[in-house]
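Computed from a prediction, not measured in an experiment: that's the story for all the values here.
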Amino acid sequence: MTIRTINLRGLQTRVAFIVLAISLFFAIGTTLTQMYINYQRALTTTTQLVESRSQNSARVISHALWVVDLELVRRSVKGLAMTPTVCRVDVTGFDGTTVTEVNHTSRHCDANHQSLLSVQGNNIGTLNIVLDNSEVKREALSSIAPIAAVHFTETLIITLLILWVLNRLCSRPLKQLANALDYYQADKTSQNSVPIQLIQRNDEIGQVSRSIHSLQSRIKDDLSQKRITERELRQHQTLLEEQVAQRTKALNWQSSASALLADISIQFLRADSQHITEDVERIFPQMASLLGVEAIGWYAFDSYLAERRCFWPEEADFAAETVDLSDMHMIKRWLADTDTLVVPHAGKLGDDAINERSWLRQRHILSFAAFPLTDGRKSFGMITVANRHLPFIWDNNKTLLLKRFATAISEVMIRERNHFAMEELQEELIAANEKLKIQAETDDLTRLSTRRPFKRELKSHIHHGIENELPVAVMMIDVDHFKAYNDEYGHLKGDDVLTKIARVLLKQTQAFQGTVARFGGEEFAITLSTHCAAQLHALADAIRDDIAKLGLTHVKNPDGETITVSMGGIILQPTDETTDSYLLEMADQRLYQAKEEGRDRINIIDHRSQK
């Protein structure tokens with residue numbers, strides 16, 4: 001509380017000074033006025049006296065001048081000059097007579113009084129009286145001193161009386177009121193700081209006291225209201241702080257949940273479907289911590305059988321490996337609706353969930369919740385959370401978090417399922433394409449390559465030979481008199497001969513890292529890798545020997561009694577101008593020459609030796 005001290009002594013002093021100053025002003029004014037009046041009155045009296053005496057002396061002096069009695073003139077002038085207020089007397093006759101008398105006691109001569117001297121109507125001279133007004137002033141001042149003393153005494157007495165009355169009527173009550181205000185404490189509601197005698201006064205002080213008392217009452221009321229308001233504000237502040245803390249906690253929880261969901265989404269996008277179970281197991285502890293649950297698990301459905309894929313904590317003994325849902329009608333309805341199932345307290349389950357309640361009690365599970373893994377049409381799994389010791393403290397945020405988590409796992413499972421279906425479809429397509437390709441590039445009878453893949457392989461050998469400066473070898477093979485064989489034995493036997501010859505060609509060609517193809521009818525072609533091209537002669541000899549060993553009877557063969565073949569080939573160092581068509585043409589020409597030479601012949605040209 002701030003104490004404001006009123007300086008009553010200074011106020012009383014100032015009032016006394018003002019009263020004294022005003023009283024002195026009026027006293028001095030009254031004294032000066034009285035002194036002026038006395039001065040004017042003394043001056044008038046002196047003037048009248050001088051005039052009276054001058055009139056009397058003028059008759060005597062006039063007569064003395066008329067009779068020329070100068071001694072009488074001097075005595076009369078001297079007597080007139082002895083008047084206290086006369087400074088000097090001058091008598092001047094028109095005949096030149098002059099008489100002057102000076103009053104040596106006068107110092108200031110400041111007024112003249114002149115009159116004519118006449119006898120029998122004849123002016124004979126002038127009488128000039130010089131007056132000393134300072135003497136008149138001294139007389140006026142000497143007469144005013146008692147009056148001034150009386151006035152100043154009256155002023156002092158009146159001032160003291162006024163100060164006593166002022167102190168009695170104002171200063172003392174004001175001091176009493178000031179002391180009461182100095183020790184006033186607004187927080188003491190029972191305190192009455194203004195004395196009752198001041199409040200009961202009918203003057204201005206009483207009015208001020210009543211106003212102060214009313215003001216103090218209002219202050220007390222305001223202070224009381226302020227305390228009530230402060231108490232309410234503190235209550236509101238406490239409530240607001242609690243709400244802010246709760247809201248901050250909720251925002252922090254939502255932030256952590258959003259961050260976890262973001263990590264889960266990124267992790268699941270990058271995750272391999274084969275390792276999704278391990279990824280979910282790593283996420284479970286964080287999810288359980290956010291939800292405030294004791295256990296969390298993932299189950300996959302096989303009809304009405306729920307099989308556990310992963311569970312946290314792993315050592316939980318109440319987590320069943322499989323759960324038969326066939327008799328759990330509430331869960332079956334929940335699965336049909338693909339909605340969220342939350343059981344805050346297992347004991348509060350109704351009669352429509354008797355089996356569920358019994359199953360939960362057997363495993364001492366107090367609270368339980370399940371969130372479906374669904375593709376929008378049906379559920380193929382569920383995420384479960386459970387508490388054994390405390391019931392759930394559940395809200396919509398936790399429901400939303402688990403829904404999003406279940407949705408993320410569902411998307412991974414759907415992606416995994418679609419991925420498997422896509423892989424199977426792709427494998428089927430690849431197999432079909434390979435089958436079609438093989439069918440298109442494989443001879444149906446001999447199972448050898450056809451012309452197209454053979455030419456592709458030959459081009460590859462040419463390119464490899466150019467880059468590595470290695471030779472390329474091509475050989476054409478034709479069954480001798482095959483048309484006559486078909487005519488004699490039939491086409492089925494002919495096909496059998498071609499198949500056996502193809503096996504010989506394939507066996508020997510693979511030994512030399514080569515490729516063999518059926519070019520049509522009874523004609524075949526062989527190309528060897530660049531590393532084995534120089535061994536084309538040895539390959540041809542081996543083929544002819546193996547075919548001879550087959551001993552395939554051919555009675556229509558004019559050159560013998562068994563099936564024989566003719567072979568023509570070429571070995572050369574390829575250049576940029578070398579083409580597969582050129583090599584095949586050169587090999588075909590050599591085959592034609594072998595047939596011209598009598599069949600069952602080998603005609604191979606080696607252009608490397610010619611160079």
Side-chain angles (χ1 to χ4, degrees), residues 433-434 437-438 440-443 446-480 482 498 501-547 564-611:
N433 289 333
E434 288 294 331
K437 183 178 179 181
I438 291 173
E441 296 182 351
T442 302
D443 181 62
T446 63
R447 309 310 298 170
L448 297 178
S449 298
T450 58
R451 185 187 297 266
R452 181 179 296 175
F454 179 84
K455 293 185 73 174
R456 188 166 57 243
E457 186 70 16
L458 180 57
K459 289 178 181 179
S460 176
H461 290 170
I462 293 172
H463 180 70
H464 188 267
I466 294 172
E467 286 187 347
N468 298 278
E469 296 182 356
L470 295 173
V472 178
V474 179
M475 185 168 62
M476 299 295 291
I477 304 159
D478 187 76
V479 180
D480 297 331
F482 187 69
L498 293 177
I501 292 174
R503 290 175 182 174
V504 171
L505 296 177
L506 183 61
K507 174 184 177 183
Q508 293 297 335
T509 303
Q510 288 178 347
F512 290 88
Q513 300 180 11
T515 301
V516 60
R518 183 185 179 190
F519 263 42
E522 69 277 11
E523 190 175 27
F524 301 89
I526 293 176
T527 179
L528 300 181
S529 68
T530 54
H531 296 286
C532 299
Q535 303 178 29
L536 186 60
H537 291 279
L539 173 61
D541 293 336
I543 290 172
R544 189 172 62 174
D545 292 342
D546 284 352
I547 291 175
T564 60
V565 295
S566 297
M567 292 175 279
I570 182 174
I571 302 172
L572 59 75
Q573 180 66 44
T575 62
D576 292 338
E577 290 77 18
T578 303
T579 63
D580 56 332
S581 299
Y582 170 76
L583 292 175
L584 290 171
E585 183 181 354
M586 293 298 295
D588 193 61
Q589 289 179 7
R590 292 297 170 182
L591 174 61
Y592 180 76
Q593 291 179 9
K595 287 181 176 290
E596 287 293 329
E597 292 173 358
R599 291 183 171 83
D600 194 17
R601 298 286 188 272
I602 299 174
N603 189 334
I604 297 175
I605 183 173
D606 190 348
H607 279 293
R608 297 177 303 162
S609 60
Q610 293 179 3
K611 293 180 180 180

### Query
Within the side chain of Asp588, is there an N or O that forms a donor-acceptor pair under 3.5 Å with the backbone of Leu584?
no
### Message
Counting C-beta onward and ignoring hydrogens, is there a side-chain heavy-atom pair between Leu583 and Ile462 closer than 4.5 Å?
### Response
yes
### Task
May I ask you to decide whether Arg456 forms a salt bridge with Asp580, counting only side-chain N to carboxylate O separations under 4.0 Å?
no
### Message
Could you report the tightest heavy-atom contact between Ala533 and Pro471, atom names first, then the distance?
### Response
CB-O, 3.4 Å
### Message
To the nearest 0.5 Å, what is the distance between CZ on Arg599 and CG on Asp480?
### Response
6.0 Å
#### Entry: Heavy-atom neighbours of Phe512 CZ exceed 12 at 6.0 Å
yes
### Query
In Å and rounded to the nearest 0.5 Å, what is the CE to CD1 distance from Met476 to Ile570?
12.5 Å
### Summary
CZ (Arg601) and CG (Leu591) are apart, to the nearest 0.5 Å, by 13.5 Å
### Task
Hey, could you give me the CG/NE2 distance between Asp606 and His537, rounded to the nearest 0.5 Å?
5.5 Å
### Query
What residue among Leu505, Leu498, Thr450 forms side chain to side chain contact (heavy atoms under 4.5 Å, CB included) with Arg518?
Leu498
### Query
Hey, does the side chain of Gln573 reach the backbone of Leu470 with a donor-acceptor pair shorter than 3.5 angstrom?
yes
### Query
Between Asp478 and Ser566, is any side-chain donor less than 3.5 angstrom from a side-chain acceptor?
no
### Message
Can you give me the closest heavy-atom contact between Ser581 and Lys455, atom names plus distance?
### Response
OG-NZ, 3.9 Å
### From CA spacing to verdict: side chain to side chain contact (heavy atoms under 4.5 Å, CB included), Asn603, Glu597
CA-CA 9 Å; Asn603 189 334; Glu597 292 173 358; 3.5 Å; yes
### Query
Can you name the one residue among Leu536, Leu539, Ile543, Ile526 that meets side chain to side chain contact (heavy atoms under 4.5 Å, CB included) with Met567?
Ile543
### Message
Counting C-beta onward and ignoring hydrogens, is there a side-chain heavy-atom pair between Arg503 and Gln508 closer than 4.5 Å?
### Response
no
### Message
Under the criterion side chain to side chain contact (heavy atoms under 4.5 Å, CB included), I'd like the reasoning laid out for His607 against Met586: C-alpha separation, chi angles, the key distance, then a yes or no.
### Response
CA-CA 11 Å; His607 279 293; Met586 293 298 295; 4.0 Å; yes
### Message
Between Thr578 (side chain only) and Thr575 (backbone N and O only), is there a donor and an acceptor less than 3.5 Å apart?
### Response
yes
### Message
Which heavy atom of Val472 sits nearest to which heavy atom of Pro574, and what is that distance?
### Response
CG2-CG, 3.6 Å
### Query
Any side-chain donor paired with an acceptor under 3.5 Å for Thr530 and His461?
no
## Note on the structure
Nearest heavy-atom contact between Ala502 and Leu448 is CB-CD1, 3.5 Å
### CD1 on Ile602 to CD1 on Ile604, rounded to 0.5 Å
6.0 Å
### Query
If you measure from the Lys or Arg side-chain nitrogens to the Asp or Glu carboxylate oxygens, is any gap between Lys507 and Asp546 under 4.0 Å?
no
#### Entry: Value rounded to 0.5 Å, distance of CZ in Phe519 from CD1 in Ile477
11.0 Å
### Query
Does Lys459 NZ have over 12 foreign heavy atoms under 6.0 Å away?
no
### Message
I'd like to know whether Asp443 forms a side chain to side chain contact (heavy atoms under 4.5 Å, CB included) with Phe524, so could you lay out the CA-CA distance, the side-chain angles of the two residues, the decisive distance to 0.1 Å, and finally the verdict.
### Response
CA-CA 11 Å; Asp443 181 62; Phe524 301 89; over 6 Å; no
### Task
Walk me through it: do Ile547 and Thr564 pass the test side chain to side chain contact (heavy atoms under 4.5 Å, CB included)?
CA-CA 7 Å; Ile547 291 175; Thr564 60; 6.0 Å; no
### Task
Can you establish whether the number of heavy atoms outside Glu469 located under 6.0 Å from its atom CD is more than 12?
no
